[in-house]
Amino acid sequence: MFETDFKFVEPFKLESGETLDSIDLRCTIYGKLNADKSNAVLVFHALTGSSRITEWWREVLGAELGLDTSRFAFVCVNVLGSCYGSTSAKTLNKKAKLRGKKPPILTTKDIVRSNHKLMEYLGIKRFKAVVGGSVGGMLALQFASDFPDLTEKCVAIGATPLSPMGLALNHLQRQALKINDIGFARQIAMLSYKSAELFDGRFARKPNRNGENPHLDYEHRFDIAGYLDYQGEIFQQRFDTESYKLITKIMDLFELSDEEIQTIKAKTYLIGISSDWLFPSKDVKTLAEIFQKNGVNIEFIELISDDGHDAFLSDTEKTNEILREIFACESSKAEARA
């Protein structure tokens with residue numbers, strides 16, 4: 001693993017028209033770039049992830065896994081506005097306040113353009129693929145649209161423009177942030193990341209595992225409530241409120257017009273998750289049909305899992321199987337050249 005921080009001191013203009021005087025980006029690379037750096041794959045992390053892929057996709061990244069480090073070098077950049085090394089929302093908001101301005105709104109276009117700046121700095125001319133799940137999948141699709149000549153493949157897992165239900169859930173989470181309760185926001189999010197089937201199997205109607213009996217006291221919880229409370233508590237220790245607000249807004253604003261879709265040249269894979277109700281598989285399939293109508297070389301794949309939206313992170317056996325298949329043709333090309 002190689003990790004480094006970059007500072008770009010020249011102005012960075014946002015899609016909104018505002019300009020940032022400088023930006024910091026943290027980048028982590030796994031695997032070894034070859035001499036001409038033609039084996040690079042760009043990975044976009046999800047909402048609360050970081051550039052350290054092994055912290056959230058440990059069982060998918062490695063030799064002979066779905067993201068095979070024996071064949072490719074995987075580049076991941078902490079999203080601009082996140083709180084894990086790149087210029088954070090807290091920093092952006094503080095600078096805006098000093099100037100008497102509102103906090104800046106960032107978009108997927110801004111994020112992929114910041115990645116492109118780093119790509120130029122690293123000397124990578126083209127990626128074998130861009131890959132991401134959830135908001136990371138949105139960013140992969142945006143990159144394929146905005147920089148159509150810079151990637152051979154695009155892999156987006158559990159990613160579409162948010163439905164009204166998804167927009168509603170993000171709104172409720174940001175409402176929780178207004179009362180400075182990022183833990184409650186996380187609990188709302190956890191409901192959308194899992195599935196009813198998973199909750200039935202894991203929790204059912206069991207009393208909380210610490211011995212509380214919900215039949216005896218209003219404050220006593222069922223096991224599912226104890227799980228949600230715990231997830232909220234640990235999340236407060238690792239993520240920043242302002243970054244959470246900024247990135248959920250980035251998710252809200254993502255949408256590709258027909259004209260933007262038509263620019264995509266990469267072989268594109270849209271992967272729906274069978275039990276996902278945040279980004280329903282049927283919506284992913286519908287998006288694939290729109291891509292096809294707009295001339296994109298598209299393939300829809302369904303990941304069958306009861307894990308809900310988080311299946312791309314938790315059901316690693318299925319995720320590895322799909323990613324291996326997607327990257328398999330690279331091996332075929334290499335064998336043919338040999």
Side-chain angles (χ1 to χ4, degrees), residues 1-30 33 37 40-53 55-56 73-127 130 132 135-136 138-147 149-151 174 177 182 238-254:
M1 182 185 87
F2 171 75
E3 184 171 276
T4 188
D5 294 330
F6 297 85
K7 188 175 188 69
F8 297 93
V9 295
E10 66 270 20
F12 184 79
K13 191 171 183 179
L14 302 176
E15 186 183 6
S16 66
E18 292 189 56
T19 299
L20 307 180
D21 53 8
S22 65
I23 58 171
D24 298 323
L25 296 174
R26 174 164 294 172
C27 173
T28 309
I29 302 175
Y30 298 83
L33 285 165
K37 301 181 180 180
V41 174
L42 180 61
V43 178
F44 291 101
H45 64 76
L47 172 57
T48 65
S50 71
S51 64
R52 295 179 179 178
I53 303 172
E55 292 185 352
W56 48 273
F74 296 91
V75 181
C76 188
V77 183
N78 185 223
V79 165
L80 185 64
S82 182
C83 54
Y84 290 128
S86 294
T87 301
S88 67
K90 184 176 288 186
T91 297
L92 293 174
N93 296 351
K94 184 178 179 181
K95 288 183 177 180
K97 189 175 181 180
L98 288 172
R99 295 172 181 171
K101 295 183 177 181
K102 291 182 178 180
I105 292 177
L106 272 62
T107 67
T108 50
K109 280 184 170 292
D110 297 322
I111 303 304
V112 301
R113 197 158 52 81
S114 70
N115 275 241
H116 179 252
K117 286 178 71 68
L118 190 55
M119 176 182 172
E120 290 179 322
Y121 186 88
L122 292 171
I124 298 170
K125 294 181 173 60
R126 196 164 190 252
F127 289 108
V130 290
V135 65
M138 294 176 174
L139 291 165
L141 292 171
Q142 190 73 64
F143 187 96
S145 172
D146 288 0
F147 301 102
D149 296 316
L150 300 187
T151 185
R174 289 194 295 271
L177 298 181
I182 194 172
R238 77 170 183 89
F239 210 73
D240 176 69
T241 297
E242 292 172 70
S243 290
Y244 199 90
K245 181 179 179 181
L246 181 148
I247 300 172
T248 56
K249 188 67 174 180
I250 289 173
M251 293 176 67
D252 285 1
L253 297 176
F254 171 72

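Excluded from the calculations below are hydrogen atoms, water molecules and symmetry mates; all remaining heavy atoms, backbone and side chain alike, are included. All residue numbers refer to positions in the sequence shown, counting from 1. Computed from a prediction, not measured in an experiment: that's the story for all the values here.
Taking CG of Leu118 as the start and CG of Leu80 as the end, the distance is 11.5 Å to the nearest 0.5 Å. Interatomic distance, Phe254 CZ to Thr108 OG1, rounded to the nearest 0.5 Å: 6.0 Å. If you take CZ on Arg174 and CG on Asp252, they are separated by 4.0 Å, rounding to the nearest 0.5 Å. Annotation: the span from Glu242 atom CD to Ile182 atom CD1 amounts to 10.0 Å, rounded to 0.5 Å. Summarising the geometry, atom CG belonging to Asn115 is positioned 4.5 Å from atom CZ belonging to Phe44; distances are rounded to the nearest 0.5 Å. Once rounded to the nearest 0.5 Å, the distance linking CD1 of Ile111 with CD1 of Ile247 reads 7.5 Å.
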- With side-chain contact (heavy atoms from CB on, under 4.5 Å) as the test, would you mind laying out the steps for Leu122 and Leu33 before giving the verdict? CA-CA 10 Å; Leu122 292 171; Leu33 285 165; 5.9 Å; no
- Item | Residue pair Lys95, Asp21: steps toward the side-chain contact (heavy atoms from CB on, under 4.5 Å) verdict | CA-CA 10 Å; Lys95 288 183 177 180; Asp21 53 8; 3.3 Å; yes
- Query: Between Lys37 and Lys125, does a side-chain contact (heavy atoms from CB on, under 4.5 Å) hold up when you go through it step by step?
  - Reply: CA-CA 8 Å; Lys37 301 181 180 180; Lys125 294 181 173 60; over 6 Å; no
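Side-chain atoms of Arg238 and Thr48 include a donor-acceptor pair closer than 3.5 Å.
Between Phe143 and Phe147, the two ring planes are tilted [angle within 30° to 60°].
Residue-environment remark: NZ (Lys90) stays at or below the threshold of 12 foreign heavy atoms within 6.0 Å. Lys102 NZ: 12 or fewer foreign heavy atoms inside a 6.0 Å radius.
Under the side-chain contact (heavy atoms from CB on, under 4.5 Å) rule, Val75 has a single partner from Ile124, Val130, Val41, Ile53, which is Ile124.
Side chain of Arg126 to main chain of Asp149: a donor-acceptor pair is present (N/O by atom type, distance under 3.5 Å, no hydrogens or angles). Remark: the backbone N or O of Arg26 is paired with a side-chain donor or acceptor of Ser86 at under 3.5 angstrom. When atom types are taken as modelled, the side chain of Thr28 and the backbone of Glu3 share no donor-acceptor pair closer than 3.5 angstrom. Looking at Ser243, its side chain does come within 3.5 Å of a backbone N or O of Gly81 through a donor-acceptor pair. A donor-acceptor pair under 3.5 Å is absent between the side-chain atoms of Lys245 and the main chain of Ala89, judged by distance alone. Formation of a donor-acceptor pair under 3.5 Å by the Thr248 side chain with backbone atoms of Tyr244 is found in this model.
Two residues are said to be in side-chain contact when any heavy atoms from C-beta on lie closer than 4.5 Å; Asp24 and Asp5 fail this criterion. Within the 4.5 Å cutoff, the side chain of Ile23 has heavy atoms near those of the Ser114 side chain. Side-chain contact between Phe239 and Cys83: present, with at least one pair of heavy atoms (C-beta onward) separated by less than 4.5 Å. Side chains of Pro104 and Asp110 form no contact here, defined as non-hydrogen atoms less than 4.5 Å apart. Proximity of Leu42 to Leu150: side-chain heavy atoms (C-beta onward) are nowhere separated by under 4.5 Å. Side-chain atoms of Leu253 and Ile105, non-hydrogen and from C-beta on, do get closer than 4.5 Å to each other. You'll find the side chain of Tyr30 reaches within 4.5 Å of the side chain of Arg52, heavy atoms only. In this structure, Cys27 and Phe2 have side chains that are not in contact, with every pair of non-hydrogen atoms separated by 4.5 Å or more.
Considering all non-hydrogen atoms of both residues, His45 and Asn78 come closest at NE2-ND2, 3.3 Å. Nearest heavy atom pair, residue Ser22 against residue Val9, reads CB-CA, 3.8 Å. Here the shortest heavy-atom pairing between Gly49 and Ser82 reads O-OG, 4.1 Å.
Looking at Arg99 and Glu18, no side-chain N of the basic residue comes within less than 4.0 Å of a carboxylate O on the acidic one, giving no salt bridge.
A cation-pi arrangement is present between Lys117 and Phe8 under the rule of less than 6.0 angstrom and at most 45 degrees off the ring axis.
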